[in-house]
2 protein chains.
Amino acid sequence: MTDTRESGTRSRTRRAILAAAASVLARDRGATLADIAEAAQIGRSTLHRYFSDRQDLVNAAVVDSFRVVEKSTAGAAIDQGPPIEAMRRLIAALVDAGDRLAFLFGDPRVLEEFTACFEPDLSVPTTVTLIERGQAEGVFDPGVSAEWIQQVLWALTYTGWEAAEKGLLPRHGVAAAVTRAFESGMVVSPARP
Amino acid sequence: MTDTRESGTRSRTRRAILAAAASVLARDRGATLADIAEAAQIGRSTLHRYFSDRQDLVNAAVVDSFRVVEKSTAGAAIDQGPPIEAMRRLIAALVDAGDRLAFLFGDPRVLEEFTACFEPDLSVPTTVTLIERGQAEGVFDPGVSAEWIQQVLWALTYTGWEAAEKGLLPRHGVAAAVTRAFESGMVVSPARP
DNA sequence: TGATAATGAGACATCGAAGTCTCATTATGA
DNA sequence: TCATAATGAGACTTCGATGTCTCATTATCA
(Lines give C-alpha, C1' and ligand atoms only; values in the text may rest on other atoms or scores of the structure.)
Protein backbone atom coordinates (compact mmCIF):
# COMPACT_ATOMS: atom_id res chain seq x y z
CA MET A 1 0.00 0.00 0.00
CA THR A 2 2.95 2.32 0.64
CA ASP A 3 3.88 4.33 -2.41
CA THR A 4 7.21 2.85 -3.45
CA ARG A 5 7.87 5.86 -5.66
CA GLU A 6 8.34 7.99 -2.54
CA SER A 7 11.90 8.58 -1.46
CA GLY A 8 13.15 7.58 1.95
CA THR A 9 13.43 11.17 3.03
CA ARG A 10 9.91 12.07 1.99
CA SER A 11 8.55 8.93 3.55
CA ARG A 12 10.22 9.76 6.83
CA THR A 13 9.02 13.34 6.80
CA ARG A 14 5.50 12.20 6.00
CA ARG A 15 5.53 9.83 8.94
CA ALA A 16 6.82 12.55 11.25
CA ILE A 17 4.02 14.86 10.19
CA LEU A 18 1.35 12.22 10.72
CA ALA A 19 2.70 11.30 14.14
CA ALA A 20 2.91 14.95 15.15
CA ALA A 21 -0.60 15.61 13.87
CA ALA A 22 -2.07 12.75 15.91
CA SER A 23 -0.11 13.75 18.99
CA VAL A 24 -0.94 17.44 18.85
CA LEU A 25 -4.58 17.01 17.81
CA ALA A 26 -5.09 14.44 20.55
CA ARG A 27 -4.26 17.14 23.08
CA ASP A 28 -5.93 20.06 21.32
CA ARG A 29 -8.37 19.60 18.49
CA GLY A 30 -8.28 23.24 17.63
CA ALA A 31 -4.53 23.18 17.09
CA THR A 32 -3.17 25.18 14.16
CA LEU A 33 -1.31 23.72 11.21
CA ALA A 34 1.57 25.86 12.43
CA ASP A 35 1.40 24.05 15.77
CA ILE A 36 1.55 20.70 14.03
CA ALA A 37 4.40 21.75 11.78
CA GLU A 38 6.32 22.98 14.81
CA ALA A 39 5.75 19.70 16.63
CA ALA A 40 6.97 17.83 13.56
CA GLN A 41 9.98 20.16 13.47
CA ILE A 42 9.33 21.25 9.91
CA GLY A 43 8.26 24.46 8.23
CA ARG A 44 4.62 25.16 7.62
CA SER A 45 5.25 25.35 3.88
CA THR A 46 6.74 21.87 3.94
CA LEU A 47 3.60 20.57 5.58
CA HIS A 48 1.57 21.97 2.70
CA ARG A 49 3.81 20.14 0.25
CA TYR A 50 2.64 16.86 1.76
CA PHE A 51 -0.97 17.65 2.54
CA SER A 52 -2.85 20.18 0.47
CA ASP A 53 -5.64 20.66 2.95
CA ARG A 54 -6.18 20.62 6.68
CA GLN A 55 -8.89 18.09 5.94
CA ASP A 56 -6.45 16.13 3.82
CA LEU A 57 -4.02 15.99 6.74
CA VAL A 58 -6.64 15.00 9.27
CA ASN A 59 -7.94 12.25 6.99
CA ALA A 60 -4.45 10.90 6.46
CA ALA A 61 -3.74 11.08 10.19
CA VAL A 62 -6.89 9.13 10.94
CA VAL A 63 -6.10 6.41 8.43
CA ASP A 64 -2.53 6.27 9.64
CA SER A 65 -3.58 6.07 13.28
CA PHE A 66 -5.98 3.30 12.41
CA ARG A 67 -3.11 1.40 10.87
CA VAL A 68 -0.89 1.96 13.88
CA VAL A 69 -3.56 0.80 16.31
CA GLU A 70 -4.32 -2.11 14.01
CA LYS A 71 -0.68 -3.06 14.04
CA SER A 72 -0.51 -2.86 17.81
CA THR A 73 -3.60 -5.01 18.01
CA ALA A 74 -2.05 -7.52 15.65
CA GLY A 75 1.05 -7.64 17.79
CA ALA A 76 -1.04 -8.64 20.76
CA ALA A 77 -2.09 -11.86 19.01
CA ILE A 78 -5.59 -11.51 20.35
CA ASP A 79 -6.84 -14.56 18.52
CA GLN A 80 -4.65 -16.80 20.63
CA GLY A 81 -4.82 -18.06 24.21
CA PRO A 82 -7.43 -17.42 26.86
CA PRO A 83 -9.53 -14.30 26.19
CA ILE A 84 -8.58 -12.80 29.53
CA GLU A 85 -4.90 -13.04 28.73
CA ALA A 86 -5.45 -11.83 25.18
CA MET A 87 -7.38 -8.84 26.47
CA ARG A 88 -4.59 -7.97 28.89
CA ARG A 89 -2.11 -8.00 26.01
CA LEU A 90 -4.48 -5.90 23.95
CA ILE A 91 -4.88 -3.30 26.69
CA ALA A 92 -1.12 -3.05 27.08
CA ALA A 93 -0.79 -2.59 23.32
CA LEU A 94 -3.51 0.06 23.21
CA VAL A 95 -1.92 1.97 26.07
CA ASP A 96 1.35 1.93 24.16
CA ALA A 97 -0.41 3.48 21.18
CA GLY A 98 -1.96 6.02 23.53
CA ASP A 99 -1.44 9.10 21.37
CA ARG A 100 -3.06 7.54 18.37
CA LEU A 101 -5.94 6.09 20.33
CA ALA A 102 -6.56 9.40 22.07
CA PHE A 103 -6.60 11.14 18.71
CA LEU A 104 -9.09 8.67 17.27
CA PHE A 105 -11.23 8.29 20.35
CA GLY A 106 -11.16 11.92 21.41
CA ASP A 107 -13.07 13.05 18.35
CA PRO A 108 -16.26 11.04 17.90
CA ARG A 109 -16.98 12.74 14.58
CA VAL A 110 -13.68 11.69 13.06
CA LEU A 111 -14.28 8.11 14.06
CA GLU A 112 -17.80 8.07 12.64
CA GLU A 113 -16.77 9.59 9.34
CA PHE A 114 -14.26 6.91 8.66
CA THR A 115 -15.91 3.85 10.09
CA ALA A 116 -18.09 3.84 7.01
CA CYS A 117 -15.65 4.43 4.16
CA PHE A 118 -12.61 2.78 5.70
CA GLU A 119 -12.32 -0.93 5.12
CA PRO A 120 -10.26 -2.61 7.84
CA ASP A 121 -7.56 -5.14 7.14
CA LEU A 122 -9.48 -8.39 7.29
CA SER A 123 -6.36 -10.43 7.90
CA VAL A 124 -6.11 -8.85 11.36
CA PRO A 125 -8.42 -10.30 14.00
CA THR A 126 -10.69 -7.59 15.37
CA THR A 127 -11.31 -6.54 18.94
CA VAL A 128 -14.98 -7.39 18.60
CA THR A 129 -14.04 -10.91 17.57
CA LEU A 130 -12.01 -11.31 20.73
CA ILE A 131 -14.83 -9.97 22.85
CA GLU A 132 -17.35 -12.29 21.25
CA ARG A 133 -15.03 -15.22 21.75
CA GLY A 134 -14.74 -14.29 25.41
CA GLN A 135 -18.48 -13.95 25.72
CA ALA A 136 -19.01 -17.35 24.11
CA GLU A 137 -16.65 -18.87 26.64
CA GLY A 138 -18.55 -17.13 29.43
CA VAL A 139 -15.59 -14.99 30.40
CA PHE A 140 -16.83 -11.58 29.29
CA ASP A 141 -20.24 -10.37 30.34
CA PRO A 142 -22.68 -11.94 27.86
CA GLY A 143 -25.49 -9.71 29.09
CA VAL A 144 -24.36 -6.69 27.04
CA SER A 145 -23.39 -6.18 23.41
CA ALA A 146 -19.83 -6.68 22.25
CA GLU A 147 -19.84 -3.16 20.84
CA TRP A 148 -20.61 -1.73 24.26
CA ILE A 149 -17.76 -3.68 25.78
CA GLN A 150 -15.49 -2.34 23.07
CA GLN A 151 -16.61 1.21 23.83
CA VAL A 152 -15.85 0.67 27.50
CA LEU A 153 -12.45 -0.74 26.62
CA TRP A 154 -11.57 2.31 24.54
CA ALA A 155 -12.98 4.73 27.08
CA LEU A 156 -10.98 3.23 29.92
CA THR A 157 -7.81 3.18 27.86
CA TYR A 158 -8.34 6.78 26.85
CA THR A 159 -9.03 7.75 30.45
CA GLY A 160 -5.87 6.01 31.57
CA TRP A 161 -3.87 7.89 28.95
CA GLU A 162 -5.43 11.17 29.99
CA ALA A 163 -4.83 10.46 33.67
CA ALA A 164 -1.17 9.87 32.91
CA GLU A 165 -1.08 13.13 30.94
CA LYS A 166 -2.42 14.95 33.96
CA GLY A 167 -0.05 13.17 36.32
CA LEU A 168 -2.90 11.41 38.06
CA LEU A 169 -1.44 8.01 37.23
CA PRO A 170 2.19 7.04 36.73
CA ARG A 171 2.93 6.04 33.13
CA HIS A 172 3.98 2.55 34.11
CA GLY A 173 0.78 1.97 36.05
CA VAL A 174 -1.71 2.84 33.34
CA ALA A 175 -2.09 -0.59 31.78
CA ALA A 176 -2.59 -2.24 35.17
CA ALA A 177 -5.15 0.32 36.29
CA VAL A 178 -7.08 0.03 33.04
CA THR A 179 -6.97 -3.75 33.12
CA ARG A 180 -8.18 -3.81 36.69
CA ALA A 181 -11.03 -1.40 35.95
CA PHE A 182 -12.01 -3.33 32.85
CA GLU A 183 -12.03 -6.71 34.53
CA SER A 184 -13.42 -5.96 37.97
CA GLY A 185 -14.87 -2.49 38.01
CA MET A 186 -14.43 -0.32 41.07
CA VAL A 187 -16.34 -2.31 43.63
CA VAL A 188 -14.59 -4.88 45.75
CA SER A 189 -17.47 -7.30 46.23
CA PRO A 190 -19.74 -6.61 43.32
CA ALA A 191 -23.43 -7.03 43.89
CA ARG A 192 -25.03 -7.38 40.48
CA PRO A 193 -28.08 -5.11 40.32
CA MET B 1 -26.18 34.44 43.04
CA THR B 2 -28.70 35.08 40.25
CA ASP B 3 -28.83 38.71 39.20
CA THR B 4 -32.18 39.85 40.49
CA ARG B 5 -32.02 42.90 38.25
CA GLU B 6 -32.48 40.67 35.21
CA SER B 7 -35.99 40.40 33.86
CA GLY B 8 -37.78 37.06 33.55
CA THR B 9 -37.53 37.18 29.79
CA ARG B 10 -33.81 37.84 29.74
CA SER B 11 -33.21 35.21 32.37
CA ARG B 12 -35.09 32.63 30.32
CA THR B 13 -33.26 33.56 27.13
CA ARG B 14 -29.92 33.41 28.93
CA ARG B 15 -30.70 29.94 30.21
CA ALA B 16 -31.76 28.79 26.75
CA ILE B 17 -28.49 30.02 25.28
CA LEU B 18 -26.40 28.31 27.95
CA ALA B 19 -28.27 25.04 27.53
CA ALA B 20 -27.95 25.21 23.75
CA ALA B 21 -24.26 26.02 24.00
CA ALA B 22 -23.55 23.02 26.22
CA SER B 23 -25.64 20.74 24.04
CA VAL B 24 -24.18 21.84 20.73
CA LEU B 25 -20.58 22.09 21.93
CA ALA B 26 -20.85 18.67 23.55
CA ARG B 27 -21.48 17.22 20.10
CA ASP B 28 -19.15 19.49 18.13
CA ARG B 29 -16.50 21.59 19.78
CA GLY B 30 -15.86 23.52 16.62
CA ALA B 31 -19.47 24.62 16.37
CA THR B 32 -20.10 28.18 15.26
CA LEU B 33 -21.82 30.84 17.32
CA ALA B 34 -24.41 30.80 14.56
CA ASP B 35 -24.95 27.09 15.21
CA ILE B 36 -25.47 27.75 18.90
CA ALA B 37 -27.83 30.65 18.25
CA GLU B 38 -29.83 28.48 15.88
CA ALA B 39 -30.05 25.68 18.45
CA ALA B 40 -31.24 28.21 21.02
CA GLN B 41 -33.76 29.48 18.46
CA ILE B 42 -32.53 33.05 18.68
CA GLY B 43 -30.74 35.41 16.34
CA ARG B 44 -26.99 35.61 16.36
CA SER B 45 -27.15 39.29 17.31
CA THR B 46 -29.22 38.43 20.35
CA LEU B 47 -26.56 36.01 21.47
CA HIS B 48 -23.99 38.79 21.33
CA ARG B 49 -26.23 40.90 23.55
CA TYR B 50 -25.83 38.30 26.29
CA PHE B 51 -22.26 37.23 25.78
CA SER B 52 -19.75 39.64 24.31
CA ASP B 53 -17.20 37.00 23.41
CA ARG B 54 -17.10 33.41 22.34
CA GLN B 55 -14.82 32.90 25.29
CA ASP B 56 -17.32 34.68 27.50
CA LEU B 57 -20.04 32.31 26.37
CA VAL B 58 -17.94 29.20 26.84
CA ASN B 59 -16.90 30.31 30.30
CA ALA B 60 -20.48 30.96 31.30
CA ALA B 61 -21.57 27.63 29.83
CA VAL B 62 -18.90 25.83 31.83
CA VAL B 63 -19.86 27.50 35.09
CA ASP B 64 -23.53 26.89 34.38
CA SER B 65 -22.94 23.24 33.52
CA PHE B 66 -20.98 22.85 36.71
CA ARG B 67 -23.92 24.20 38.63
CA VAL B 68 -26.34 21.89 36.86
CA VAL B 69 -24.21 18.82 37.50
CA GLU B 70 -23.68 19.98 41.06
CA LYS B 71 -27.42 20.27 41.50
CA SER B 72 -27.98 16.81 40.08
CA THR B 73 -25.34 15.47 42.43
CA ALA B 74 -26.99 17.20 45.36
CA GLY B 75 -30.33 15.66 44.40
CA ALA B 76 -28.77 12.22 44.65
CA ALA B 77 -28.08 12.72 48.35
CA ILE B 78 -24.76 10.96 48.02
CA ASP B 79 -23.86 11.54 51.64
CA GLN B 80 -26.63 9.26 52.80
CA GLY B 81 -27.12 5.51 52.85
CA PRO B 82 -24.76 2.77 51.72
CA PRO B 83 -22.09 3.98 49.26
CA ILE B 84 -23.17 1.46 46.64
CA GLU B 85 -26.71 2.76 46.67
CA ALA B 86 -25.53 6.36 46.75
CA MET B 87 -23.29 5.71 43.76
CA ARG B 88 -26.18 4.20 41.84
CA ARG B 89 -28.25 7.29 42.49
CA LEU B 90 -25.33 9.47 41.47
CA ILE B 91 -24.83 7.61 38.21
CA ALA B 92 -28.51 7.96 37.39
CA ALA B 93 -28.30 11.68 38.12
CA LEU B 94 -25.18 12.12 35.99
CA VAL B 95 -26.75 10.27 33.09
CA ASP B 96 -29.73 12.59 33.33
CA ALA B 97 -27.41 15.58 33.04
CA GLY B 98 -25.74 13.85 30.09
CA ASP B 99 -25.44 16.90 27.83
CA ARG B 100 -23.77 18.99 30.47
CA LEU B 101 -21.45 16.23 31.56
CA ALA B 102 -20.46 15.48 27.97
CA PHE B 103 -19.74 19.16 27.43
CA LEU B 104 -17.57 19.38 30.52
CA PHE B 105 -15.90 16.00 30.13
CA GLY B 106 -15.46 16.10 26.39
CA ASP B 107 -13.04 19.00 26.56
CA PRO B 108 -10.21 18.30 29.00
CA ARG B 109 -8.82 21.82 28.57
CA VAL B 110 -12.05 23.48 29.61
CA LEU B 111 -12.19 21.37 32.73
CA GLU B 112 -8.59 22.09 33.66
CA GLU B 113 -8.93 25.83 33.16
CA PHE B 114 -11.78 26.08 35.58
CA THR B 115 -10.87 23.54 38.20
CA ALA B 116 -8.36 26.07 39.47
CA CYS B 117 -10.29 29.33 39.53
CA PHE B 118 -13.74 27.92 40.20
CA GLU B 119 -14.56 27.36 43.84
CA PRO B 120 -17.19 24.63 44.27
CA ASP B 121 -20.17 24.97 46.56
CA LEU B 122 -18.85 23.51 49.78
CA SER B 123 -22.34 22.85 51.14
CA VAL B 124 -22.72 20.12 48.49
CA PRO B 125 -21.02 16.80 49.30
CA THR B 126 -18.52 15.95 46.57
CA THR B 127 -18.14 12.82 44.53
CA VAL B 128 -14.66 12.26 45.88
CA THR B 129 -16.05 12.34 49.41
CA LEU B 130 -18.50 9.59 48.52
CA ILE B 131 -15.76 7.52 46.92
CA GLU B 132 -13.50 7.91 49.93
CA ARG B 133 -16.33 6.94 52.23
CA GLY B 134 -16.90 3.83 50.14
CA GLN B 135 -13.20 3.02 50.19
CA ALA B 136 -13.07 3.42 53.96
CA GLU B 137 -15.95 0.99 54.26
CA GLY B 138 -14.13 -1.43 51.98
CA VAL B 139 -16.79 -1.21 49.30
CA PHE B 140 -14.87 0.65 46.61
CA ASP B 141 -11.45 -0.54 45.53
CA PRO B 142 -9.03 0.91 48.12
CA GLY B 143 -6.06 -0.07 45.95
CA VAL B 144 -6.41 2.97 43.67
CA SER B 145 -6.81 6.68 44.22
CA ALA B 146 -10.24 8.23 44.64
CA GLU B 147 -9.46 10.61 41.78
CA TRP B 148 -8.87 7.70 39.43
CA ILE B 149 -12.19 6.16 40.43
CA GLN B 150 -13.86 9.50 39.76
CA GLN B 151 -12.25 9.67 36.34
CA VAL B 152 -13.52 6.19 35.55
CA LEU B 153 -16.98 7.15 36.75
CA TRP B 154 -17.07 10.18 34.46
CA ALA B 155 -15.60 8.30 31.53
CA LEU B 156 -18.15 5.50 31.78
CA THR B 157 -21.01 7.95 32.11
CA TYR B 158 -19.76 9.90 29.11
CA THR B 159 -19.36 6.70 27.13
CA GLY B 160 -22.89 5.65 28.00
CA TRP B 161 -24.21 9.01 26.85
CA GLU B 162 -22.24 8.77 23.64
CA ALA B 163 -23.39 5.20 23.03
CA ALA B 164 -26.98 6.35 23.38
CA GLU B 165 -26.27 9.19 20.95
CA LYS B 166 -25.04 6.67 18.42
CA GLY B 167 -27.95 4.34 19.04
CA LEU B 168 -25.66 1.69 20.48
CA LEU B 169 -27.56 1.69 23.77
CA PRO B 170 -31.21 2.49 24.42
CA ARG B 171 -31.66 5.69 26.43
CA HIS B 172 -33.42 3.91 29.24
CA GLY B 173 -30.62 1.36 29.56
CA VAL B 174 -27.70 3.75 29.91
CA ALA B 175 -27.71 4.12 33.69
CA ALA B 176 -27.94 0.36 34.19
CA ALA B 177 -25.12 -0.35 31.74
CA VAL B 178 -22.88 2.27 33.30
CA THR B 179 -23.64 1.08 36.81
CA ARG B 180 -22.90 -2.49 35.86
CA ALA B 181 -19.63 -1.56 34.18
CA PHE B 182 -18.61 0.61 37.12
CA GLU B 183 -19.36 -2.00 39.75
CA SER B 184 -18.32 -5.22 38.10
CA GLY B 185 -16.31 -4.47 35.00
CA MET B 186 -16.74 -6.62 31.94
CA VAL B 187 -15.50 -9.94 33.22
CA VAL B 188 -17.91 -12.43 34.73
CA SER B 189 -15.55 -14.07 37.19
CA PRO B 190 -12.89 -11.51 37.80
CA ALA B 191 -9.41 -12.78 38.45
CA ARG B 192 -7.50 -9.93 40.05
CA PRO B 193 -4.08 -9.66 38.45
C1' DT C 1 -53.28 51.06 24.99
C1' DG C 2 -48.84 53.05 25.22
C1' DA C 3 -44.03 53.04 26.75
C1' DT C 4 -40.28 50.22 26.93
C1' DA C 5 -37.82 45.98 26.63
C1' DA C 6 -36.29 42.45 23.66
C1' DT C 7 -35.56 40.63 19.38
C1' DG C 8 -34.33 39.43 14.28
C1' DA C 9 -32.35 40.43 10.05
C1' DG C 10 -28.70 41.89 7.91
C1' DA C 11 -24.88 45.16 6.52
C1' DC C 12 -20.23 45.95 7.71
C1' DA C 13 -15.40 45.77 9.43
C1' DT C 14 -11.93 42.83 11.65
C1' DC C 15 -9.00 39.17 12.52
C1' DG C 16 -6.65 34.92 12.40
C1' DA C 17 -5.91 30.61 10.18
C1' DA C 18 -5.52 28.51 5.76
C1' DG C 19 -3.59 28.09 1.51
C1' DT C 20 -0.32 29.76 -2.47
C1' DC C 21 3.87 31.21 -4.13
C1' DT C 22 8.86 32.59 -4.62
C1' DC C 23 13.59 32.32 -3.63
C1' DA C 24 17.57 31.20 -1.18
C1' DT C 25 19.63 27.37 1.41
C1' DT C 26 20.58 22.72 2.79
C1' DA C 27 20.58 17.73 2.26
C1' DT C 28 20.88 13.58 -0.52
C1' DG C 29 22.59 10.24 -3.59
C1' DA C 30 24.74 8.90 -8.05
C1' DT D 1 31.63 16.87 -6.63
C1' DC D 2 27.52 17.92 -8.96
C1' DA D 3 22.67 17.61 -10.16
C1' DT D 4 18.60 17.33 -7.97
C1' DA D 5 15.54 16.69 -4.22
C1' DA D 6 13.86 18.71 -0.09
C1' DT D 7 13.40 22.32 2.91
C1' DG D 8 12.71 26.96 5.52
C1' DA D 9 11.50 31.60 5.70
C1' DG D 10 8.45 34.73 4.61
C1' DA D 11 5.35 37.66 1.60
C1' DC D 12 0.86 37.49 -0.02
C1' DT D 13 -4.16 36.39 -0.90
C1' DT D 14 -8.35 34.08 0.44
C1' DC D 15 -11.89 32.80 3.39
C1' DG D 16 -14.84 32.08 7.12
C1' DA D 17 -15.95 33.11 11.85
C1' DT D 18 -16.33 36.87 14.84
C1' DG D 19 -17.74 41.07 16.70
C1' DT D 20 -20.22 45.74 15.99
C1' DC D 21 -23.84 48.38 14.55
C1' DT D 22 -28.43 50.02 12.74
C1' DC D 23 -33.23 49.76 12.04
C1' DA D 24 -37.58 47.77 11.80
C1' DT D 25 -40.55 44.52 14.26
C1' DT D 26 -42.43 42.02 18.07
C1' DA D 27 -43.28 41.03 22.93
C1' DT D 28 -44.03 42.47 27.64
C1' DC D 29 -45.95 44.87 31.36
C1' DA D 30 -47.89 48.78 33.92
Side-chain angles (χ1 to χ4, degrees), chain A residues 2-65 103 106-107 109-110 113-114, chain B residues 2-64 103 106-107 109-110 113:
Chain A
T2 307
D3 192 344
T4 52
R5 280 167 301 184
E6 188 165 63
S7 81
T9 305
R10 279 191 73 82
S11 166
R12 237 175 302 118
T13 303
R14 177 179 298 274
R15 260 196 288 275
I17 295 174
L18 290 174
S23 172
V24 170
L25 291 176
R27 290 166 179 81
D28 176 13
R29 295 182 204 178
T32 295
L33 293 187
D35 295 333
I36 296 172
E38 190 186 354
Q41 294 181 296
I42 60 163
R44 195 167 66 89
S45 38
T46 300
L47 193 154
H48 278 289
R49 285 193 186 93
Y50 286 80
F51 304 97
S52 61
D53 246 43
R54 181 190 177 94
Q55 196 55 46
D56 189 27
L57 170 60
V58 172
N59 290 354
V62 170
V63 171
D64 182 61
S65 293
F103 167 58
D107 198 339
R109 324 188 117 250
V110 170
E113 251 180 71
F114 277 75
Chain B
T2 307
D3 193 344
T4 52
R5 280 166 300 183
E6 189 165 64
S7 79
T9 305
R10 278 191 74 83
S11 167
R12 236 176 301 120
T13 303
R14 177 180 297 274
R15 259 196 289 274
I17 295 174
L18 290 172
S23 172
V24 169
L25 292 176
R27 290 167 178 82
D28 176 12
R29 292 181 207 179
T32 295
L33 293 186
D35 295 335
I36 296 172
E38 189 186 354
Q41 294 182 297
I42 59 163
R44 194 168 66 89
S45 37
T46 299
L47 193 155
H48 278 289
R49 285 193 186 94
Y50 286 79
F51 304 97
S52 62
D53 245 42
R54 181 192 177 92
Q55 196 54 46
D56 189 26
L57 171 60
V58 173
N59 290 354
V62 170
V63 171
D64 182 61
F103 167 57
D107 199 338
R109 324 187 117 248
V110 170
E113 252 179 72

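A note on names: the letters A, B, ... follow the listed sequences, proteins ahead of strands, and every chain is numbered from 1.
Between A:T13 and the phosphate of D:dT7, there is a side-chain N or O to OP1/OP2 separation shorter than 4.0 Å. Close to D:dG8, at under 4.0 Å from its OP1 or OP2, lies no side-chain N or O of A:S45. Taking 4.0 angstrom as the limit, B:Y50 places none of its side-chain polar atoms (N or O) nearer than this to OP1 or OP2 of C:dA6.
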Starting from the C-alpha separation in whole Å, work towards a yes-or-no answer on side chain to side chain contact (heavy atoms under 4.5 Å, CB included) for B:T32 and B:E38. CA-CA 10 Å; B:T32 295; B:E38 189 186 354; over 6 Å; no
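Contacts of A:T32 with the nucleic acid, taken as non-hydrogen atoms under 4.0 Å apart, involve only primed sugar atoms and P, OP1 or OP2.
Residues A:I42 and B:A31 each lie close to DNA chain D; by heavy-atom proximity, the contact nearer the 5' end of the strand is made by A:I42.
At least one side-chain heavy atom of A:Y50 sits under 4.5 Å from a side-chain heavy atom of A:T46.
No hydrogens or angles were tested; on distance alone, a donor-acceptor pair under 3.5 Å links the side chain of A:R44 to the base of C:dG19. At a cut-off of 3.5 angstrom, counting only N and O atoms as typed in the model, there is no donor on one side facing an acceptor on the other between the side-chain of A:R49 and the base of C:dG19.
Sorted by residue number, the list of members of residues 52-61 of chain A with any non-hydrogen atom under 4.0 Å from DNA chain D is empty.
When each of A:V62, A:N59, A:L25 is paired with A:V110, the side chain to side chain contact (heavy atoms under 4.5 Å, CB included) condition holds for A:V62 and for no other. Applying the side chain to side chain contact (heavy atoms under 4.5 Å, CB included) test between A:F51 and each of A:D56, A:V58, A:I36 identifies A:D56 as the sole match.
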Please write out each protein N/O paired with an N/O of nucleotides 27-30 of chain D under 3.5 Å, distance rounded to 0.1 Å.
none

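An angle of 40°, rounded to 10°, separates the two end axes of the helix from C:dT1-D:dA30 to C:dA30-D:dT1, each defined over five pairs.
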